Amino acid sequence: MERVTGGIAWAFASCALLALMLVPLAGDRGIQVATSMVILTSIAACFVAVKFHRINVLYALALVTAAAYLVLSALFDELDITTDVRWQPGLSNMLTNIAITLALITAVRARRGPFTTREMLDGASVAFGAIAVSWLLVANPLQERSDVALLPALLNAGVIPFSVILFGLTAALFASGVQEKPPMWFVAAGILLNLMAEITRSLIKTGAIDPIASHLVNGCIISAIMFASAAIMHPTVVDLVTLRPQLFRKPAGRVSVRVILVVITLLTPITLIAATSATSMLDTVIRVAIALILIGMTAGRMLHEAASSQRANQEILDRLHRDELTGLPNRSQLIIEINEVLEATWRSDRRPTLMQLNLDRFKNINDTLGHALANQVLIKVAERLCSAADTFGATVARTGGDDFTLLDPHATSSSQALVHAEAVQRALNEPIHVYEHTVFVTASIGLATTPKTRTIDADEFLRRADIAANRAKSSGQDCIAVFDDSMQANLATRMDVEHALHGAIDRHEMTLYYQPIVETSSGETNGLEALIRWKRGDRIVPPAEFVPIAEESGVITTLGTWVMLEALTDLGRWISDGTVPPTTTMSVNVSPRQLADPDFPDIVAEALNRSGISPSLLWIEVTESMMLAEPDLARRTLRRVRAMGVRLALDDFGTGYSSLSILQSFPIQRIKIDRAFVRGVAEPGHDQSLVRTIVAMGDSMGLDVVAEGVEEIEQLQALRDMGCAKAQGFLISHPVPTEAMRSTIRALADLQSLSMFDSYAEQTI
Ligand code: C2E
Ligand code: CA
Ligand code: CA
């Protein structure tokens, strides 16, 4: 069916073109035939459009009116234009134009939604400008003629404003993105032809053009109506009048084009009024009215512009200070409010409080529910917070993705603030329903009250609340922490260290100390453990003060890479210059974050490669935390390293929770008994039996066992007696800098030759 109507539509369009060429040449008879044909085709088109394309009756009506107009014109001999100006054809023409205008307005609105005020004002200006021009150029000259009355003159002049309006609407329809649809082109052709016809006709009547041209007028009108029939016959006409889904509404036409158009339509009548003089009293009155209305319209338009730009400004301001999702004040608005509160409560008894909330595990909610539903959760949380905050007069702001901040201007003490925070927590703990999902939300809350003794600014106030919130977060879920000055001090040192760590390697501030690992039986140096130190100014900073911070900030990966290469390079040098025997191993500590780095095995390979050290001489020391947190990742990385021939030691053995299960599921060759147990190994008791068990277990599993932190001879003896093969500790040697390595090794060898280790053995025997 669609193909049939589409074909017919194109046939109509071809007939329209033919009519345009043939009708002006044909005689009266030809015109009659063409007119009858046009009437038949319009009726057929209307039927198809309404029945099959389910198109609005209005469009059909417009076409019918146009066709009827043709009949009327023919009836009143209008097609055979004389210089007569009568009202009947003028009226029917006017009605046709009104019908077509309404049809086009409906189509444009259907395509792109309602007109904006600005577009309507522009449209009205243009239309009025055209009306004024049509008075000055057509209606007035016509009614000046003795044989023409005012009404027919006006009706006949209506053609100009309508043509302008129809053009504007056609342009708007084009701008709504229907260029590729044939009906759009048919409509445009019809309107263009109609305009040509009407203008020619008016000019004939005012005597400006020879009446001969009336043949052309007839051709144009017949052709125009055929084009209109073709348009509504074509199946894609439906697209012309259905709303185009669009995310952002584009204004009809470019603004600059519209402004130029408005200026022209305002300037033309003014110029005409100024250039010609009034011909009668009526003309004078109308000219004055036109001028006044034009001024009024310009003023109205300016007022509207001013008002809407103010509105736009307000909107922008609102958007700057509001969170779009929840409608709550955002961070910048909160800062404004905090400043006001701080100013108002200065020197009062009140201690305004900030409550910084961060939702626990919100990432999980986001991942499981998806973004849209998670947003709904946030909205519900915002509502809960608002109603809780209302009870004690606080305001709520959304300060980040899952961060909310409550500002309580009335609090008088931090204990009161704590009570409020607990109320907020309770409000959040009720389950939240989002569609069919039920979500449980908890929050970590940090509280900060203004200090009693001094004033602070909004920035500092917020920072304190933030610090407290971080503390709450690290204490677990659903916790509240109250800010105190020690938190600030901690944070300050942390930030200082973190800052200074960056580039510490480039500044050559990092250095390695080495602690020998010896055989308990012979005292022979078996290996070295690399321990990092930071020369910060005059101070040597121990790793405990910066390794955890480097770990948290991620600098540890750079640091670790450096340690690996540096330690292996040092070992290579010592082996080749004979400082240590060629079988000496190097133990390097590796942090969880390094293990999580997929490049870690490559980094190790590269370091081995560059230093020329055999993989079997490298021990990598790891603690169990990483293996517990991300077992799969850790296992994968460790296996790859192990496959290279590198050996793995489990550090701080015994301090963790699941050391045993780790031994079973990870490729580990050595355990290092933590200092804490070695301390008591010489006296009978719990530690002693524990160490004994560990050593026995290690032996049975074929593991190498090293005791850490051996400080006393008795400890060394006890360990050797238990069968612990290797030891490390201050008794044997402190960690020493590279330059002390040669003398340290020599001293250890001296001890050995003095049979110091043997003598321990003899003493105990
Ligand atoms: P760790 O791996 O358990 O290293 C042994 C720590 O015990 C070292 O402290 C060492 O100086 C100390 N120590 C050795 N013998 C004795 C003793 O007889 N008595 C006592 N009281 N202590 C002894 P250090 O050098 O301060 O290192 C502390 C921790 O820092 C290390 O513990 C290790 O976990 C970490 N660390 C050191 N260097 C690095 C490194 O290059 N990378 C990484 N990721 N961590 C490192
Ligand atoms: Ca270690
Ligand atoms: Ca250790």
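Since the structure is predicted, the reported quantities are computational estimates derived from the model, not experimental observations.
Between D323 and R331 no salt bridge is recorded (no basic side-chain N to carboxylate O distance below 4.0 Å). Ionic pairing of D577 and R742 is present here: one or more N-O contacts between side-chain nitrogen and carboxylate oxygen are shorter than 4.0 angstrom. Ion pairing between R635 and D632 holds under the 4.0 Å rule for side-chain N and carboxylate O. Ion pair R464/D485 flagged as a salt bridge, since at least one NZ, NE, NH1 or NH2 atom sits closer than 4.0 Å to an Asp/Glu carboxylate oxygen. Classification of D408 and R350 as a salt-bridged pair fails, no side-chain N sitting under 4.0 Å from a carboxylate O. In this structure, K363 pairs ionically with D367, as a charged nitrogen and a carboxylate oxygen lie closer than 4.0 Å. Under the 4.0 Å criterion applied to side-chain N and carboxylate O atoms, R536 and E545 are not assigned as salt-bridge partners.
Across G654 and F677, no two heavy atoms sit closer than the pair O-CZ, 3.4 Å. In terms of heavy atoms, T584 sits closest to I575 at O-CD1, 4.4 Å. Minimum heavy-atom separation, I613 to L617: CG2-CB, 3.9 Å. The two residues P516 and T525 come nearest to each other via the heavy atoms CB-CG2, 4.1 Å. Scanning both residues, A421 and I480, for their nearest heavy atoms gives CB-CD1, 3.8 Å. Minimum heavy-atom separation, F546 to R533: CZ-C, 4.3 Å.
Within 6.0 Å of CZ in R471 there are 12 or fewer heavy atoms belonging to other residues, nucleotides or ligands. Annotation: R507, atom CZ; neighbour count of heavy atoms from other residues, nucleotides and ligands within 6.0 Å is above 12. Environment of CE in M495: sparse, with no more than 12 heavy atoms of neighbouring residues, nucleotides or ligands closer than 6.0 Å.
Although no hydrogens or angles enter the test, the distance criterion places no donor-acceptor pair under 3.5 Å between the side chain of E566 and the main chain of W562. The closest donor-acceptor contact from the side chain of E460 to the backbone of D457 lies at 3.5 Å or more, if one exists at all. Judged purely by atom type and a 3.5 angstrom limit, Q515 has no side-chain atom pairing as donor or acceptor with the backbone of H734. Side chain of T449 to main chain of S414: no donor-acceptor pair is present (N/O by atom type, distance under 3.5 Å, no hydrogens or angles). A distance-only check finds a donor-acceptor pair linking the side chain of R398 to the backbone of G401 [under 3.5 Å]. A distance-only check finds no donor-acceptor pair linking the side chain of E711 to the backbone of G709 [under 3.5 Å]. Using modelled atom types, no side-chain atom of S591 and backbone atom of N589 make a donor-acceptor pair closer than 3.5 Å. Under the 3.5 Å distance criterion, the side-chain polar atoms of T520 are matched with a main-chain donor or acceptor of C724.
One finds the CG atom of L618 at 5.5 Å from the CG atom of L568 (value rounded to the nearest 0.5 Å). For the atom pair CG (N339) and CZ (F461), the distance works out to 11.0 Å, reported to the nearest 0.5 Å. If you take CD1 on I445 and CG on L354, they are separated by 13.0 Å, rounding to the nearest 0.5 Å. Here the CG-CG distance, from L378 to L359, works out to 6.5 Å after rounding to the nearest 0.5 Å. Atom CD1 in I620 sits 8.0 Å away from atom CG in L638 (nearest 0.5 Å). Rounding to the nearest 0.5 angstrom, the gap separating the CG atom in D687 from the CG atom in D674 is 10.5 Å.
Between the side chains of S733 and T744, no donor-acceptor pair is found at a separation under 3.5 Å. For the 3.5 Å distance criterion, the side chains of T442 and D360 qualify, holding a donor opposite an acceptor. Judged by distance alone, the side chains of N470 and Q356 never bring a donor and an acceptor atom under 3.5 Å apart. For the 3.5 Å distance criterion, the side chains of E519 and N526 qualify, holding a donor opposite an acceptor. In this structure, a donor-acceptor pair under 3.5 Å is absent between the side chains of E498 and S553.
Between P581 and W574 there is no side-chain heavy-atom pair separated by less than 4.5 Å. Put simply, the side chain of N366 reaches to within 4.5 Å of the side chain of H371, judged on heavy atoms. For the pair P601/T637, a side-chain contact is recorded, criterion being any heavy-atom separation below 4.5 Å from C-beta on. Residues R670 and R647 have side chains not in contact (no heavy-atom distance under 4.5 Å, counting atoms from C-beta outward). Counting heavy atoms from C-beta on, the side chains of Q416 and T353 never come closer than 4.5 Å. Within the 4.5 Å cutoff, the side chain of Y513 has heavy atoms near those of the T511 side chain. When side chains are defined from C-beta on, M487 counts as touching D484, because their heavy atoms get closer than 4.5 Å. A 4.5 Å side-chain heavy-atom check between I517 and W619 finds every atom pair outside the cut-off.
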Exercise. Under the salt bridge (Lys or Arg N to Asp or Glu O under 4.0 Å) rule, what do R463 and D466 come out as? Steps first, then yes or no, please.
Key: CA-CA 5 Å; R463 199 167 51 242; D466 248 1; over 6 Å; no

Quiz item: Going through the distances and angles, do E422 and R426 end up as a salt bridge (Lys or Arg N to Asp or Glu O under 4.0 Å)?
Solution: CA-CA 6 Å; E422 282 163 358; R426 274 195 303 280; 5.1 Å; no

Practice problem: Begin from the C-alpha positions of T450 and T345 and carry the test side-chain contact (heavy atoms from CB on, under 4.5 Å) through to its verdict. | Solution: CA-CA 10 Å; T450 46; T345 54; 6.0 Å; no

Practice problem: Go through the steps for D478 and Q425 under the test side-chain contact (heavy atoms from CB on, under 4.5 Å), then give the verdict. | Solution: CA-CA 8 Å; D478 212 14; Q425 235 173 11; 3.2 Å; yes

Practice problem: Determine, stepwise, if the pair M627 / I668 fulfils side-chain contact (heavy atoms from CB on, under 4.5 Å). | Solution: CA-CA 12 Å; M627 298 179 234; I668 286 176; 4.3 Å; yes

Quiz item: Going through the checks in order, is the salt bridge (Lys or Arg N to Asp or Glu O under 4.0 Å) test met by R640 and D602?
Solution: CA-CA 9 Å; R640 278 179 63 195; D602 298 335; 3.5 Å; yes

Quiz item: Going through the distances and angles, do Q728 and S587 end up as a side-chain contact (heavy atoms from CB on, under 4.5 Å)?
Solution: CA-CA 12 Å; Q728 178 183 11; S587 298; over 6 Å; no

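Only one option out of V580, T738, L531 pairs with Y514 in a side chain to side chain contact (heavy atoms under 4.5 Å, CB included); it is T738.
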